[in-house]
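First the structure, in the form of structure tokens, and then the observations on it.
Order of the sequence lines sets the chain letters (A, B, ...), proteins ahead of strands, with each chain counted from 1.
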Protein chains: 2
Amino acid sequence: MSSPKSETPKLNKGQQTKALILETALELFRERGYEQTTMRDIAEKANVALGNTYYYFRSKEHLIQAFYHRTQEELLAASEPILAKERSLKARLLGIMRARLELIEPYHQFAGVLFRTAGDPKSPLNPFSVESLETRKQSTATFEQVVGGARLRIAIPADLYAELPNLLWIYQMGIILFWIHDTSPNRIRTHQLIEHTVDIVAKLITIATFPLVRPLIKRTLRLLATFRQDLDNLPAPNLDEEIDKDELDSGLEP
Amino acid sequence: MSSPKSETPKLNKGQQTKALILETALELFRERGYEQTTMRDIAEKANVALGNTYYYFRSKEHLIQAFYHRTQEELLAASEPILAKERSLKARLLGIMRARLELIEPYHQFAGVLFRTAGDPKSPLNPFSVESLETRKQSTATFEQVVGGARLRIAIPADLYAELPNLLWIYQMGIILFWIHDTSPNRIRTHQLIEHTVDIVAKLITIATFPLVRPLIKRTLRLLATFRQDLDNLPAPNLDEEIDKDELDSGLEP
DNA sequence: ATAAATTCTTGAACGTGTTCAATATTTGTG
DNA sequence: CACAAATATTGAACACGTTCAAGAATTTAT
């Protein structure tokens with residue numbers, strides 16, 4: 001029985017089996033969908049015992065997590081040339097979003113499973129969970145590079161700069177959620193959406209620096225920073241002491 | 001065997017059984033949680049056969065859907081006095097959001113299951129699905145009342161007015177997602193978040209009418225309207241003909 | 001080279017969501 | 001009221017995710 005990962009030496013037997021199970025699973029998920037692929041299918045095709053799959057992967061859903069990790073690493077690699085080449089914030093963000101879509105496209109049939117745990121506070125797979133913090137940080141780090149390495153005509157205030165990676169991460173999650181539902185040829189709708197929203201996001205960043213709206217933005221960013229600390233597993237400060245509601249934005253009552 | 005819904009006459013046998021199963025399920029979900037409650041538990045406690053539960057509810061998850069429907073109806077009832085009393089947009093929205101939180105509070109332990117299908121385009125339970133359109137419309141109708149019945153100092157442009165109910169619906173979904181993760185006493189964190197974000201939302205509405213940002217807002221709203229038609233199961237217009245990217249917001253490059 | 005320790009593999013069994021043919025009960029009609 | 005049609009109920013069985021004790025294989029230590 002030849003090893004399917006013969007181009008990657010130094011794997012012991014267990015690591016080889018783990019990779020085989022994962023490759024087999026992803027292949028079957030791609031072909032048939034997540035629900036239609038059973039663990040028995042995977043074990044059979046990989047020529048291992050059913051229980052063996054659970055030695056390496058805690059659950060069927062953990063197999064999906066592995067796919068996400070993989071695309072995360074691939075995005076890191078793919079983002080280097082983009083960020084080296086592009087200068088404007090818009091082009092950088094657009095490049096990254098397009099790369100993201102390309103990398104996840106083969107998994108369209110089952111990528112939605114990623115969202116299954118979003119409503120389960122106890123699941124380690126939950127994108128908002130502490131356990132997912134590492135992965136989330138990798139993602140936001142890329143967005144920090146998008147912004148930090150851009151040649152700008154405006155100065156982004158420090159408080160906005162601090163929150164942008166996370167805001168862009170949420171933006172990305174929204175786009176992925178849309179993409180999951182997108183059945184148009186070549187995901188044309190999602191690409192169109194990105195074209196427009198990247199432009200809008202860039203302009204909103206400019207608007208957020210305007211003096212007229214600055215107090216409200218400051219306040220909003222403070223709020224976001226506070227609640228982000230929940231997400232990043234930091235101690236939560238007392239909200240009411242941190243944010244004063246009746247600041248200089250009181251003339252904006254609708 | 002006395003009927004548990006004796007105060008609601010005119011139910012035939014089937015309807016009585018359906019109600020009994022649902023009540024039993026929701027009770028057990030509340031006590032033990034969704035995952036820990038099996039369909040066998042429900043059938044046994046309701047004194048019906050296991051297979052009978054499937055005669056009335058297509059799946060375990062459909063039981064959750066019924067809870068959502070119920071809170072939707074309860075919110076309709078609860079929103080009347082609030083909307084009759086409050087005049088300002090802020091107070092109205094705050095009232096509705098608070099009412100929403102109160103109504104769903106008993107179900108905190110299992111409300112997250114609602115989000116499980118958000119990533120499954122094929123699931124009829126998906127909040128974004130065509131099948132959920134009716135429910136969604138009820139929800140957005142409430143938000144339309146929030147805005148439409150408010151006494152305002154500004155004139156909300158028609159395009160913004162048309163999109164606000166859906167935007168507020170998405171806002172609400174975000175708040176509920178946060179609430180699901182909120183373990184603070186009496187959901188104080190979520191209440192604090194609402195206090196602040198309702199105020200911010202109100203002010204953002206004002207800002208959206210400013211001439212300086214108006215072109216960008218118009219464009220964004222057109223984009224939203226286009227993609228909302230996907231959601232509302234309407235024919236999708238050709239995006240590129242509907243929205244001109246290089247309009248009067250071109251001075252906003254960051 | 002051999003023994004000990006560790007890791008990997010296995011398949012029977014379990015729990016739980018779901019199905020469905022057979023039967024019982026209810027409803028509607030003359 | 002009787003009977004036919006429609007609806008409701010049932011429990012055995014199935015499918016599939018998961019578990020785990022026993023045994024095999026691999027790795028490590030001497």
Going by atom types alone, do [X] and [Y] pair a side-chain donor with an acceptor below 3.5 Å?
X	Y	answer
B/Gln72	B/Arg100	yes
A/His108	A/Arg187	yes
B/Ser129	B/Ser132	yes
A/Asn126	B/His181	yes

Euclidean distance, atom [atom1] of residue [X] to atom [atom2] of [N] [Å, nearest integer]:
X	N	atom1	atom2	answer
B/Tyr34	C/dG17	OH	P	8 Å
B/Leu20	D/dA8	CG	C1'	14 Å
B/Ile42	D/dT10	CD1	C1'	17 Å
A/Gln36	C/dT18	CD	P	15 Å
B/Glu35	D/dT18	CD	P	11 Å
B/Glu44	D/dG11	CD	C1'	14 Å
A/Asp41	D/dA15	CG	C1'	11 Å
A/His62	D/dG17	NE2	C1'	14 Å

Does OP1 or OP2 of D/dA15 have a side-chain N or O of A/Thr38 closer than 4.0 Å? no
Just N and O in the side chain of A/Ser59: are any of them under 4.0 Å from OP1 or OP2 of D/dG17? no
Nucleotide N/O of nucleotides 23-30 of chain C paired with protein N/O under 3.5 Å:
none

When the ring centroid of [X] is compared with that of [Y], is the distance short of 6.0 Å?
X	Y	value
A/Phe178	B/Phe227	yes
A/Phe67	A/Phe110	yes
A/Tyr68	A/Tyr107	no

The residue, B/Arg40 or A/Met39, whose nearest nucleotide of DNA chain D is more 5′ is B/Arg40
Quick check on contacts: within residues 48-58 of chain A, what sits under 4.0 Å from DNA chain C by heavy-atom distance? A/Val48, A/Ala49, A/Gly51, A/Asn52, A/Tyr55, A/Tyr56
Below 4.0 angstrom, which residues in residues 108-127 of chain A have at least one non-hydrogen atom near DNA chain C? none
Look at the rings of B/Tyr34 and B/Phe29 and say which category their plane angle falls in: under 30° parallel, 30 to 60° tilted, over 60° perpendicular.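 Correct class here is tilted.
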When B/Asp182 is tested against each of B/Ile188, B/Thr190, B/Leu193 for side chain to side chain contact (heavy atoms under 4.5 Å, CB included), which residue passes? B/Thr190
Given the options B/Leu63, B/Thr38, B/Ile42, B/Leu28 meets side chain to side chain contact (heavy atoms under 4.5 Å, CB included) only with B/Ile42
Does the side chain of B/Gln192 reach to within under 4.5 Å of the side chain of A/Thr226, using non-hydrogen atoms? no
